Structures are given as C-alpha cells and as structure tokens.
Enquirer: 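Can you keep this structure in mind? I'll have questions shortly.
Treat the numbers as computed from the prediction; the structure is a model and nothing was measured. Just so we're on the same page: letters track the sequence lines, and every chain starts at 1.
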Number of protein chains: 2
Amino acid sequence: MSEVQSKTAVGPEERDVTELVLQDILTGMLPAGTWLKQIDLERRYDCTRPEVRRALDRLSQKRLVAHVPNRGYHVYQPDDRNAREVGDIRVILETAVADMMVANATSDSIATLRGLARYFDEMTLTGTILEHYEANLAFHRELLLLGGNQALVDLVSEIRQRTSSAPVSQWRTRARIEKSGREHHMMIDALEARNAEELKRLIALHIRQPADTPK
Amino acid sequence: MSEVQSKTAVGPEERDVTELVLQDILTGMLPAGTWLKQIDLERRYDCTRPEVRRALDRLSQKRLVAHVPNRGYHVYQPDDRNAREVGDIRVILETAVADMMVANATSDSIATLRGLARYFDEMTLTGTILEHYEANLAFHRELLLLGGNQALVDLVSEIRQRTSSAPVSQWRTRARIEKSGREHHMMIDALEARNAEELKRLIALHIRQPADTPK
DNA sequence: GTATCTTAAATTGGCGCCAATATTGGTAAC
DNA sequence: GTTACCAATATTGGCGCCAATTTAAGATAC
C-alpha cells in the first residue's frame with residue numbers, strides 16, 4: 001500500500017528461506033536445540049507459512065533439524081559419535097584424491113589457492129562469521145576440485161554441513177583459527193612440492209583438529 | 001463415518017508417497033526423462049496435491065528428479081560422467097573400511113551375511129525387481145556395518161540411489177546378476193579368511209562392474 | 001499447600017482454491 | 001501449403017483457512 005518498507009534491508013529479503021535458516025544455524029544464531037516455531041520464522045524472515053514449511057522439511061531431510069510430529073521442529077543436537085564418524089568419512093574422501101590433486105596441480109591453480117587462503121586469513125580479522133565460514137568452504141572446494149571428481153566435491157560440501165551444527169564451539173578459540181589458516185598454506189606448500197603423502201597427513205590433521213582429544 | 005473403506009488395499013495406501021515414487025523410479029517403472037505431472041501422481045498414488053508436491057520437492061533435493069520452474073518435474077537423466085564419479089566415491093568409501101570389516105567380523109555376522117547373500121540369490125529367481133533391489137541393499141548394508149561407522153553406512157545407502165536411476169540397464173543381463181550373486185559369496189569368503197586386500201579387490205570389482213568398459 | 005482435572009490458548013499440519021505461466025490447437029494471412 | 005499469431009486449455013505454484021493435537025494455566029478438591 002504505502003511506499004514505506006518495514007526494515008531497511010529490502011534486497012536480501014528476496015533470497016531463499018532455506019538458505020537463510022541454514023546460515024543462521026551454521027553461524028550459531030540459532031543454537032542447537034532451539035525450537036523453530038513456524039510463526040516466529042514467518043516473521044523473522046518475512047515470508048509465508050508454506051515457505052517456512054518447505055524450508056523446515058528440506059532441513060529435516062538434510063538432518064540439520066529434527067522433526068517431532070505435532071510438536072514441531074528444533075535444531076539438531078549433534079551427538080559426538082556422529083560427529084566423529086563424519087569426520088572419519090571426510091578424512092577418507094579428501095585424502096583419497098590427494099594423489100590426483102598433486103598430479104593435477106598447476107601454477108595457476110596454486111596461485112588461486114594462495115589467494116583463497118589469504119582471503120580466509122583476511123576474513124579471520126575483518127569478516128563476519130558467515131564470510132569466514134564461506135571463505136573456508138571456498139578454499140576447500142577449490143582444493144578438492146583438483147581431485148577431478150566433481151561429485152566428490154559436492155558430496156563433501158554436503159556432509160560438511162551435517163556436523164557443523166556446532167560451529168561456534170569448533171571455531172571458538174582464535175589460536176585454533178589461526179592454526180587452520182597456517183595449515184591451509186602448508187597444504188599448498190605440499191601441493192607445490194608434489195608431496196602427496198605430506199598433503200594427506202596435513203588434510204587428516206586439519207579435519208580432525210576439532211576432535212583432537214587425546215584418548 | 002461408515003465402516004465401508006473404498007478399495008480393498010487399505011494397508012499399502014497409507015505409506016509415504018515419497019517412498020512410493022522413489023521405488024517406482026528405482027524399479028524402472030518411471031523411466032528417466034518421464035515428466036511427473038502432479039495430477040497424474042495424485043491419481044496414481046491416491047493422495048492429495050500437497051503430498052505430491054512435498055514428495056517431488058524431496059526427490060529433487062536428492063537429485064533424483066529435476067525441477068524446471070513453471071514446467072514441472074521429470075525423472076533425472078543420469079549422465080555417464082556423474083555415474084562414474086559416484087562409482088569412484090563408492091569404491092573409496094567401501095574399500096576404506098575393509099580392514100575394519102575384517103577385524104570386526106565374527107562367526108555370527110558371517111552367518112548373517114551368508115543368509116543375506118542366499119536371500120539375494122533367491123530373489124533373483126522368485127522375487128520382484130524391488131525385492132531383489134532391497135535384498136542387494138540389505139547385504140551391502142550388513143557388510144558395511146562391520147566397518148563400525150554408522151554414518152558411513154547411511155551415506156553409502158544415500159549415494160547409492162543417486163545413480164541407480166537407471167537400474168534396469170545396470171541389471172539387465174541375467175549373467176551379470178548371477179555374477180553379482182557369486183561375488184557376494186566371494187566377499188564373505190575373503191572376510192572369513194581375514195584377507196583384507198582380497199576383499200578390497202572384490203569390492204572395487206563389484207562396484208565398478210556396470211562401468212567395466214575397457215578403455 | 002499441593003496435586004489433579006478441566007478449560008482455554010496456541011501451534012502444527014492438512015486441504016482446496018485461485019492467479020500466473022506454459023502449451024497446444026486452431027485460424028487466418030501470406 | 002506453410003508459417004505465424006492468437007485464443008483456449010491445462011498445469012504449476014503461491015497463499016490462507018480450518019480442524020486436530022498439544023501445551024499451559026487456572027480452578028477446585030483433597
């Protein structure tokens with residue numbers, strides 16, 4: 001009716017609701033266990049009921065939220081066992097194509113990776129938590145892409161979200177973040193040196209970092 | 001109101017629509033490329049419009065059907081490259097836990113596997129295409145379960161559907177099916193003999209079978 | 001004062017309608 | 001006879017309402 005738009009953010013409102021909820025879960029704005037009432041989401045993201053429902057259904061298919069019939073949806077409470085198992089899967093998949101990555105690495109791709117690693121470091125200081133998360137994702141995607149298996153790249157991106165429900169606790173200490181940044185550069189070094197074994201070792205270490213508990 | 005139930009088949013009607021469509025795609029009743037008109041599905045599975053919509057949305061999330069805005073949904077046309085890549089992923093994942101499988105194998109679990117392998121052979125002769133498919137799935141699930149990684153078992157089951165969009169072409173020849181049945185038993189033999197390397201070789205061979213083209 | 005039953009509010013979830021868009025068939029013009 | 005345009009039909013997809021179930025609160029009885 002009137003030209004007055006509630007909220008100044010007119011542009012980003014047009015994005016997909018599923019993405020928005022996903023981001024808020026990943027960034028920790030919606031902590032694990034939070035009940036996602038349809039009315040609240042409707043207002044929060046300024047969207048309709050069916051849109052909210054579709055988003056919740058999709059996220060429950062991805063195992064990011066749990067659905068209790070006639071009770072509603074809540075953010076999935078990640079159990080340690082599953083987190084460890086998914087970590088193991090990631091190590092298996094990402095180290096499996098290390099030889100390919102070394103074989104396919106060109107000076108161009110290495111330069112691109114350096115840029116992405118630097119961008120990650122930059123976001124550590126100046127970026128939002130979301131930008132930081134996505135910078136990390138972009139680096140790993142580009143690295144994996146050298147493996148030559150597109151389906152594998154997509155799959156890893158997918159299962160990555162499956163445990164990152166507790167991103168805040170994973171990335172809590174600045175020391176750990178900076179260590180991750182350094183490891184990125186070390187991976188590129190190993191790639192440049194055509195040292196596949198060292199690359200595998202670094203990847204495994206990098207992924208297992210959060211669960212690096214001495215049993 | 002009245003006790004009269006339309007249609008004698010009261011039981012199977014109550015199942016989830018997504019499952020039903022999925023099965024019909026997997027068994028080849030809905031061939032690749034088929035346009036899935038909402039009205040048709042509504043009548044075919046005797047369900048409501050929203051149910052059909054939700055099923056189509058879920059299947060498109062799983063990449064089993066493709067969605068063209070304002071045009072509709074159609075069964076995904078599997079491209080060879082993706083099929084090969086997914087095959088490679090399965091080889092990576094399933095061979096990665098071969099050592100664990102050998103380590104965790106007990107006489108009990110081997111007996112269970114023998115039973116499942118025999119059941120598969122049985123279904124080759126007497127079962128429907130769906131029963132046959134599920135018997136194969138059950139065997140591989142039980143085998144993978146010995147790896148000790150539940151998340152990996154689920155993941156493999158998931159990505160398995162991702163290429164089996166052309167199940168008919170994969171399992172077309174009886175000779176190949178019988179070869180698969182024999183390989184199941186050979187895997188159990190390797191497991192019993194605690195021969196992890198042979199098991200890996202067999203698994204890789206078994207998975208790559210359909211794409212066994214001499215380059 | 002506490003526990004339990006009853007009643008009211010809120011939330012979920014199923015269902016159908018209607019507008020927007022694409023497709024098909026027909027007609028007219030070239 | 002063929003092509004292009006237009007209209008009618010069919011299909012998709014957004015949206016809101018209402019019933020079923022659950023939860024919370026209040027009142028009454030013990």
Side-chain angles (χ1 to χ4, degrees), chain A residues 1-2 5-7 10-22 24-25 30-77, chain B residues 1-7 9-22 24-25 29-77:
Chain A
M1 301 302 175
S2 68
Q5 298 276 356
S6 61
K7 297 195 178 81
V10 189
E13 301 283 334
E14 303 302 324
R15 300 240 339 243
D16 183 26
V17 191
T18 313
E19 283 292 315
L20 295 174
V21 181
L22 179 66
D24 283 349
I25 292 175
L30 294 172
T34 310
W35 282 95
L36 302 168
K37 297 203 198 108
Q38 299 183 2
I39 289 244
D40 291 344
L41 300 182
E42 206 172 327
R43 285 197 270 256
R44 194 178 211 270
Y45 303 105
D46 187 36
C47 57
T48 65
R49 182 61 61 95
E51 281 179 301
V52 171
R53 280 239 217 117
R54 192 166 47 137
L56 288 173
D57 186 65
R58 284 181 178 176
L59 293 173
S60 67
Q61 291 295 308
K62 285 186 181 176
R63 297 257 181 99
L64 268 153
V65 306
H67 176 48
V68 186
N70 290 325
R71 288 282 309 277
Y73 299 79
H74 63 88
V75 181
Y76 208 89
Q77 201 89 30
Chain B
M1 298 302 177
S2 70
E3 73 266 78
V4 178
Q5 298 277 358
S6 61
K7 293 198 179 79
V10 189
E13 301 284 333
E14 302 301 324
R15 302 246 332 249
D16 182 26
V17 192
T18 314
E19 283 293 315
L20 294 174
V21 181
L22 179 66
D24 283 349
I25 292 175
M29 289 188 113
L30 294 172
T34 312
W35 282 95
L36 302 168
K37 296 203 200 109
Q38 299 184 3
I39 290 237
D40 292 344
L41 300 182
E42 205 172 327
R43 284 197 270 257
R44 194 176 210 269
Y45 303 105
D46 188 36
C47 58
T48 66
R49 181 61 60 97
E51 283 179 298
V52 170
R53 266 234 230 124
R54 191 167 45 137
L56 288 172
D57 187 64
R58 285 182 177 176
L59 292 173
S60 67
Q61 291 295 307
K62 286 186 180 175
R63 297 258 181 98
L64 267 152
V65 305
H67 176 49
V68 186
N70 290 325
R71 287 283 308 278
Y73 299 81
H74 63 88
V75 182
Y76 209 88
Q77 202 89 30

Enquirer: Could you work out, with salt bridge (charged side-chain N to carboxylate O under 4.0 Å, His left out) as the rule, every residue matching A:R58, not counting sequence neighbours?
Expert: A:D16, B:D57

Enquirer: Tell me, please, the opening and closing nucleotides of DNA chain D, 5' to 3', among those with an atom under 4.0 angstrom from a non-hydrogen atom of chain A.
Expert: D:dC15 to D:dT23

Enquirer: Check salt bridge (charged side-chain N to carboxylate O under 4.0 Å, His left out) between B:R44 and all other residues, then give those that pass, not counting sequence neighbours.
Expert: B:D24

Enquirer: Any heavy-atom pair between the side chains of B:Y76 and B:L64 that's under 4.5 Å?
Expert: no

Enquirer: Atom NZ of A:K37 to atom C1' of C:dT12: distance rounded to whole Å?
Expert: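 Between C1' of C:dT12 and NZ of A:K37: 12 Å.
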
Enquirer: Are any of the side-chain heavy atoms of A:V21 and A:V52 separated by less than 4.5 Å?
Expert: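 Answer no - side chains too far apart.
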
Enquirer: Which donor-acceptor pairs under 3.5 Å do side chains of residues 30-41 of chain A form with protein atoms, sequence neighbours excluded?
Expert:
unit_1: A:T34; atom_1: OG1; unit_2: A:P31; atom_2: O; d: 2.5
unit_1: A:Q38; atom_1: OE1; unit_2: A:R49; atom_2: NH1; d: 3.4

Enquirer: Mind checking what makes side chain to side chain donor-acceptor pair (under 3.5 Å) contact with B:T48, not counting sequence neighbours?
Expert: B:E51

Enquirer: A:D40 has an atom CG; how far is it from atom P of C:dA10, in whole Å?
Expert: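 The answer, rounded to whole Å, is 13 Å.
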
Enquirer: Could you grab the distance from atom NZ of B:K62 to atom NZ of A:K62, nearest 0.5 Å is fine?
Expert: 13.0 Å

Enquirer: Among residues 65-74 of chain A, which residues get a heavy atom nearer than 4.0 Å to DNA chain D?
Expert: A:N70, A:R71

Enquirer: According to salt bridge (charged side-chain N to carboxylate O under 4.0 Å, His left out), who are the partners of B:R43, at least two apart in sequence or on a separate chain?
Expert: none

